[in-house]
Amino acid sequence: MADWNEISEMLQKGKAKEVADLCRKALDEGSSAKEILNEGLMLGMGIVGERFKKNEVYVPEVLIAARAMNAGIEVLKPHMVGGPGDRKGKVVLGTVKGDLHDIGKNLVKIMMEGKGLEVIDLGADVATEKFVTVAKEEGAQIIACSALLTTTMTEMENVVKAVKEAGMRDSITIMVGGAPVTQNFCESIGADIYSADATSAAEAAVAACA
Ligand code: B1M
C-alpha cells in the first residue's frame, strides 16, 4: 500500500518532482486517484495550512507546497476524469475577486470536466462583472464561485446581485464552495447550490444542467 505520510511529507517540503513520482508509484501499485488525493496530498496540504496558521511556515513555503500539490494533481488528472462523452452543460468557474487560491477551484474543474461538462475557467481573482458577462456571452447554465478567505467569500453575494441586475437570475444556477463557505452562507446570499468538495460540486452541476 502507498505510504501516505511520505507523499504528505514531500508535499510539505515542496518537493514537486518527488510528489509527482510518488503519485505515479501509488497509481501503479493500485491506489485510486481519489485515495491518493485525499489520503496523501490533502493530508500534506492540511498540515501546511495548520503550520501556516501558527506562523511556523510563511507564504513562500506555502507556495512551493502548492506547486508540489499541483504537480501531484497533474499526475492524477487523467485518472480522475471520465470519457469525453456529450457535453452536458456549460459552467463559468472562477475564484472570486481578491482571492488567489486556485487549487480547490482547479479540482472542481477537473471533476466537472470528468462528468462531461464544459468548463470556462476564468482563473483566480475574478471581477464580479466578468462572471456575468462571460456567462451571458457563452450561454452558460451555471456560474460557479470558489473562495478560500472569509474576507473574500462575501464577494459571492456581489455575484448573485450582479446576475440579478443583468436580468439573468432565472436562467443561471449559482454554485458556491471553498473552505469557509457553508450551506447557511449559500442560502443567506441567495445562491443556489453549496458543495463541500469537488466531486459533489461536479455531481450537483450535472444535476442542475439536466
Ligand atoms: Co492561503 N489561506 N492565504 N495561501 N492558504 C488559507 C485559506 C488559510 C485557511 C490558512 C490558515 O490560516 N490556516 C487562511 C485563510 C483564513 C481565513 O480567511 N479564515 C489563508 C490566508 C490567511 C492567506 C493569506 C491572507 C496569507 C497572507 O498573505 N498573509 C494570503 C491571501 C492571498 C489572496 O488570496 N489574496 C494567502 C496566500 C496563499 C498562497 C498564495 C501562499 C497559497 C495559494 C496558492 C494557490 O492556490 N495557487 C495559499 C494556500 C495554499 C493556503 C492553504 C494552506 C491551502 C489551500 C488549498 O489549496 N487547499 C490554506 C489552508 C487550508 O486550506 N488548510 C490557506 C487544498 C484544496 C484542494 O482545498 O481549496 O479548500 P480547498 O478546496 C476544496 C474545497 O474547499 C472545495 O473542493 C476542494 C476539495 O475537493 N471547493 C469547492 C473549493 N472551491 C469550491 C467551489 C465549489 C465547490 C467546492 O463550487 C463552486
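Counting starts at 1 for both ligands and their atoms, following the listed order. We use all heavy atoms of the structure for the numbers below, so side chains are in, but hydrogens, waters and symmetry mates are not. For the single chain, residues carry numbers from 1 onward in sequence order.
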(message) Quick check: A66 and ligand 1, any N/O pair under 3.5 Å apart?
(response) no

(message) Please determine whether side-chain contact (heavy atoms from CB on, under 4.5 Å) holds for the pair I174 and R169, giving the CA-CA distance in whole Å, both sets of side-chain angles, and the decisive distance to 0.1 Å.
(response) CA-CA 9 Å; I174 303 173; R169 191 64 191 92; 3.8 Å; yes

(request) Could you tell me which non-hydrogen atom of V132 sits nearest to which non-hydrogen atom of A162, and how far apart they are? (result) CG2-CB, 3.6 Å

For residues 27-50, which side-chain donor-acceptor pairs fall under 3.5 Å, sequence neighbours excluded?
unit_1: S32; atom_1: OG; unit_2: E35; atom_2: N; d: 3.1
unit_1: E35; atom_1: OE1; unit_2: S32; atom_2: N; d: 3.0
unit_1: N38; atom_1: ND2; unit_2: K34; atom_2: O; d: 3.4

(message) With the threshold set at under 4.0 angstrom, would you say E50 reaches ligand 1 through any of its heavy atoms?
(response) no

(request) Just jot down the salt bridge (Lys or Arg N to Asp or Glu O under 4.0 Å) partners of D197, sequence neighbours excluded, or say none. (result) none

(message) So which atom in I110 and which in M80 form the shortest heavy-atom distance, rounded to 0.1 Å?
(response) CG2-CB, 4.0 Å

(request) Give the minimum heavy-atom separation between L148 and G178, together with the two atoms involved. (result) CD2-CA, 4.2 Å

(message) If I compare all heavy atoms of C209 with all of G89, which pair ends up nearest, and what's the gap?
(response) SG-CA, 3.9 Å

(message) If the cut-off is 4.0 Å to any non-hydrogen atom of A201, which atoms of ligand 1 fall inside it?
(response) 88 (C)

(request) Kindly state each residue pair satisfying side-chain hydrogen bond (donor to acceptor under 3.5 Å, both in side chains) with at least one member in residues 130-142, sequence neighbours excluded. (result) K90-E138

(request) Starting at CG of L22, measure out to CH2 of W4 and round the result to the nearest 0.5 Å. (result) 10.5 Å

(request) Have a look at ligand 1 and work out which part of N70, if any, has a heavy atom under 4.0 Å from it: side chain, backbone, both or neither. (result) neither

(request) State whether the shortest distance between N or O atoms of T151 and N or O atoms of ligand 1 falls below 3.5 angstrom. (result) no

(message) Among all the protein's heavy atoms, is there at least one whose distance to atom 59 (C) of ligand 1 comes out below 4.0 Å?
(response) no

(request) Output the distance between atom CG (N70) and atom CG (D102), rounded to the nearest 0.5 Å. (result) 6.5 Å

(message) Suppose the cut-off is 2.8 Å; which protein N/O/S atoms would you list for atom 1 (Co) of ligand 1?
(response) H101 NE2

(request) Go through ligand 1 atom by atom and flag the ones less than 4.0 Å from a non-hydrogen atom of G178. (result) 75 (O), 81 (N), 82 (C), 83 (C), 84 (N), 85 (C)

(request) Please name the pair of heavy atoms, one in T154 and one in T151, separated by the smallest distance, quoted to 0.1 Å. (result) OG1-O, 3.3 Å

(message) Give the atom numbers and elements of ligand 1 that come within less than 4.0 Å of a heavy atom of D99.
(response) 34 (O)

(message) Can you tell me if P180 contacts ligand 1 (heavy atom of the residue under 4.0 Å from the ligand)?
(response) no

(request) First locate atom CD1 of I73, then atom CG of L107, and finally report the distance between them rounded to the nearest 0.5 Å. (result) 4.0 Å

(request) Looking only at protein heavy atoms, identify the closest one to atom 89 (C) of ligand 1 and say how far it is in Å. (result) S195 O, 3.4 Å

(request) Would you verify that at least one protein heavy atom lies under 4.0 Å from atom 29 (N) of ligand 1, or report that none does? (result) no

(request) Enter the distance from E155:CD to C145:SG here, rounded to the nearest 0.5 Å. (result) 9.5 Å

(message) For atom 65 (C) of ligand 1, tell me which residue out of M45, M112, K109 has the closest non-hydrogen atom.
(response) M45

(message) I need the atoms of ligand 1 closer than 4.0 Å to a non-hydrogen atom of L107, numbered in the order shown.
(response) 67 (C)

(request) Mark up the atoms of ligand 1 that fall under 4.0 Å of a heavy atom belonging to A196, in ascending order. (result) 74 (C), 76 (C)

